[in-house]
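Structure, as structure tokens:
By convention in this document, chain letters (A, B, ...) are assigned in the order of the sequence lines, proteins followed by strands, and residues within each chain are numbered from 1.
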There are 4 protein chains.
Amino acid sequence: MILKNIDFQKVIEKVSFETLKFPDNGKVAAYIPPLARVNPNKFGISLVTLDGKIYSFGDYDEKFSIQSIAKVFALAIAYNLLGKELWKRVGVEPSGTPFNSLVQLEYDKGIPRNPFINAGALVISDVLLEHLENPKRYLIEYVRKLCDCENIDYNPEIAEGEKAVGYRNAAIVNLMKDFGNIKNDVDEVLDFYFNLCSIEMTTVQLAKSFLLFAAGGILPHSGERILTVSKTKRINAIMQTCGFYDEAGEFAFKVGLPGKSGVGGGIAAIHPGYYSVAVWSPRLNEKGNSISGMKALELLTTETQLSIF
Amino acid sequence: MILKNIDFQKVIEKVSFETLKFPDNGKVAAYIPPLARVNPNKFGISLVTLDGKIYSFGDYDEKFSIQSIAKVFALAIAYNLLGKELWKRVGVEPSGTPFNSLVQLEYDKGIPRNPFINAGALVISDVLLEHLENPKRYLIEYVRKLCDCENIDYNPEIAEGEKAVGYRNAAIVNLMKDFGNIKNDVDEVLDFYFNLCSIEMTTVQLAKSFLLFAAGGILPHSGERILTVSKTKRINAIMQTCGFYDEAGEFAFKVGLPGKSGVGGGIAAIHPGYYSVAVWSPRLNEKGNSISGMKALELLTTETQLSIF
Amino acid sequence: MILKNIDFQKVIEKVSFETLKFPDNGKVAAYIPPLARVNPNKFGISLVTLDGKIYSFGDYDEKFSIQSIAKVFALAIAYNLLGKELWKRVGVEPSGTPFNSLVQLEYDKGIPRNPFINAGALVISDVLLEHLENPKRYLIEYVRKLCDCENIDYNPEIAEGEKAVGYRNAAIVNLMKDFGNIKNDVDEVLDFYFNLCSIEMTTVQLAKSFLLFAAGGILPHSGERILTVSKTKRINAIMQTCGFYDEAGEFAFKVGLPGKSGVGGGIAAIHPGYYSVAVWSPRLNEKGNSISGMKALELLTTETQLSIF
Amino acid sequence: MILKNIDFQKVIEKVSFETLKFPDNGKVAAYIPPLARVNPNKFGISLVTLDGKIYSFGDYDEKFSIQSIAKVFALAIAYNLLGKELWKRVGVEPSGTPFNSLVQLEYDKGIPRNPFINAGALVISDVLLEHLENPKRYLIEYVRKLCDCENIDYNPEIAEGEKAVGYRNAAIVNLMKDFGNIKNDVDEVLDFYFNLCSIEMTTVQLAKSFLLFAAGGILPHSGERILTVSKTKRINAIMQTCGFYDEAGEFAFKVGLPGKSGVGGGIAAIHPGYYSVAVWSPRLNEKGNSISGMKALELLTTETQLSIF
């Protein structure tokens, strides 16, 4: 595993070519107009090594909706705010059921299985609303800082679109409120959550903003410590076991890196101690994960012989 | 992460002392007499590095029932026999429900979520019965070879004890037979399964027999390749996401190593590229995992700063 | 079964005495203040025979919150409006799970099992909102007509109280909206539903307003046909199989009459062709049914030897 | 409701003609050969009034496999043996899930919801094995006595056929044994259960043997009391709420009589105080109930204006 011997630009290009040859009949998320009209054939990938070198291919400088990937940022903030008290309100176990199911939530009396299913991210949203003065501004500035770029924002059309069809999330947050696990007004929690899911980034920006998880919690570009080593590892472990809805096992099995996917077709992943990587391809499988994105990461770890396993 | 700088013997001892100071009110598995009468205060740990050096502490040369840990060996054999065809009969996703639940099995029409819940290990047993001439002998000789020691065997009293109370496993195997996912006679499958769970080893033997998973599929003592790199990584990924019943997330969160536990109080874990480790302490938490065993491994990765995350 | 030989006043009194001797440690519903402060020791019972004779005992002229019993009136209106089309949006099977569970609703893709669980009554509310110009006024005038008394109304304090804690019902209605089984705005549906549950009546009024279900759909006091014979029978059948949350079997088993209970401690029941009966006692068992109410009806059918079985 | 004015022979014939005009694309149960080879177009119906008069039409003197209908006889015997102690081992609530599901059984810790789902009938079988010297002989003689005919027996080919594919029932009984709710050897319980399901009768015999449930527990032909009035009513109530797998509500809704169906295509039902009726037509709907059988009974209650509601 001698990193300097790897020509990452070549690897990224080879992986991209092979991925693009692979037939992909996935469907773009179509539940809200701004997602439905994305060009399904987009493909971008960016890899950033710990020393800050960036390797990219394809549509890497085009912004897309990172959707649930943003839940990792919200988790990082909440974990820093509450420490291990956070785990009284949300678990760290994989869910075994789809990301938006109410069955397990009812069985577990309103405590979501992990912070990445919708219920868990709604509780995290509630935590941020409870402890931050201006949570929306705090979040977006946090992401800009991780990424070291100002040019990142919410997309209000996406947030509005989510709200207009967000009945299932409203069901989830009301159910948790009934169980006492939501402290704020349900509409405020939903508003924050839909904004969280509306952040747009390029693969370059996304890979850069995930680099601290590969770097033990330090921002390589500034040297600033954002998370303790221990908290970083634990967030990585949660990404590993829960980052891909009910395909977390499949992703661990094939790719072997902690990561998080979103229905916008993005995936961000890291190899601790080595690099972060972001890929975007809007066609999804039936579990809601990017088909070509997963393929590209599988080929990446095969090609580099670098996986955490 | 410069391995040679770590004095593993010192680490093992420090970890053991700290673990033993930690109060442990867990209960020994008592559903069969030979498990119930084990001294609850036993504690042994062994760590083997890739170069074959062994570091141990406590009751490391006393045999105990490795129970479900043996499912990893059975999986390795079955995976080699069937290749990826195996995944048509058993999944690789965490279960989200207790290890012996029938709910998800019925919902998923007889396909177990992963090879480490009881249902999955019964399917793996069925595969071995289908493809090996003398599966019981094959399995025990396979384990002896991994460990490089002849002195390992089934404990017939344990196997008989399991059979005498094995109604839930009988329910599981009959349900899968109903769904067409068991090819052999249900009683033969159960007999093999109960023997599989009856293997006894010391922590030294267990750590040695897991070393190939840390070594990319090669037996370090002989240089023989047992599993391809890819198959090894994938078994490690399954251990990571599914190795601890419904506490896999907790283990990933706190320890950060792929591993497998058993109700005999044993845990085997590996750090790919570095070492394998086995720990034994019979007191279990309510999820069926060794309390002091999990604590010791948590302290080990904290102390060495070595985790896959 | 010669009705005229029964002295119903004597029966009612005997049943009441025996019921009141029976120890009742049930708890009054306490989730909203106006229910919590009801005197737990209230007990009233009224029986009305087809010829309009009324037999009562105890607190029979005191109003109480009939709560879910009002769902029967809403069902009768909706069934008349839509006919058998109604059964595309709500089933007629017992639920097997608590009245406010989301599990089965998710499994059945937003189609409630029957019109008496909360989800079903919310769909019925949605139907009334869809087809009536002023559904709140229509409903209350419908009830007054069945009862032949003007002195019946909503209790706004109850409706407000329900709304203030109605997160689970909000979860249910949002989940059904997500599945496309709610046509109106979720807040309007909830508002109507909470009003529906706030109606207050005496046992005399309640028994009188249920008499048409014992009379094949005709109002005995005016001779007006409200429901066809067939629709009446079918509503009775639904009361029989689904009227007591997950205790419908127990009620059929012990009492043997179609009926409907409410968490205000009321129960209305009918013997087709003979009589209607209403009982009120606020102490509830853990399933949410009035303990003394069920006891009184059990004794009534034992005493009169009149049950549908 | 003046019974003597009804010409039952005419009604039976009219109902039969209308039923046979109704298109029936149901499928004959095909999981065992002796059921699969039954002529799907068979149709027989018999109605017996309390005074012993028999009215029949079609294939009423041909024997068929009554299957689960026999569970009513087993329940009657067990209820007489244990009295209300029986309800500690089996419930009286409808199940809300298919007749052979393990989900609710696991949730309810091995206590079946009612005596008519497979799990419940297996517990009833276990009770008979526990308390009777020769339960198989006792059962068949009991049925012969109810029917007042010797010419009724088990069909060993059916019993063997059930056993050969009985993995799901084996799963159920093992799961209950695990929970401690089965006292005998699981194989003995299964053997009795498969015999119970193998009894063959004509519609005439079946209607006659159900007459006691319409007659308050007395055998009209001999005057012998078999069950108390109270026990009879309670068995009727269980038939009403649980007799048609997860279509009990539908049957109550459309037919309005207590009854029990079997996958052989038979249905037995009663109108307390009036008559018993048996119908046989092997084509089943997806819930496992006879399509034409249910239709005929629906037409019967419509035609006679006689339903318990």
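Looking at C:Val229, the atoms closer than 4.5 Å to chain D (heavy atoms on both sides) all sit in the side chain, from C-beta outward. At a 4.5 Å heavy-atom cutoff, the contact between C:Thr301 and chain D is made by backbone atoms alone.
Every residue was checked against the salt bridge (Lys or Arg N to Asp or Glu O under 4.0 Å) condition with D:Glu286, not counting sequence neighbours, and none meets it. Annotation: ring pair (Phe, Tyr, Trp, His ring centres under 6.0 Å) contacts of D:Phe17 (sequence neighbours excluded): D:Phe57.
Judged purely by atom type and a 3.5 angstrom limit, C:Glu93 uses its side chain to pair as donor or acceptor with the backbone of D:Ala248.
Of all the heavy atoms in D:Gln240 and C:Gln240, the pair that sits closest is CG-CG, 4.0 Å.
Within the structure, salt bridge (charged side-chain N to carboxylate O under 4.0 Å, His left out) contacts touching residues 232-242 of chain D (residues at least two apart or in different chains) are C:Glu298-D:Arg234.
If you take OG1 on C:Thr241 and CZ on D:Phe244, they are separated by 12.5 Å, rounding to the nearest 0.5 Å. Rounded to the nearest 0.5 angstrom, D:His271 NE2 and C:Phe309 CZ are separated by 10.5 Å. Expressed to the nearest 0.5 Å, how far CZ of D:Phe253 lies from OG of C:Ser230 amounts to 7.5 Å.
At most 12 non-hydrogen atoms from other residues, nucleotides or ligands lie less than 6.0 angstrom from NZ of C:Lys14.
Of all residues in residues 207-214 of chain C, none places a non-hydrogen atom less than 4.5 angstrom from a non-hydrogen atom of chain D.
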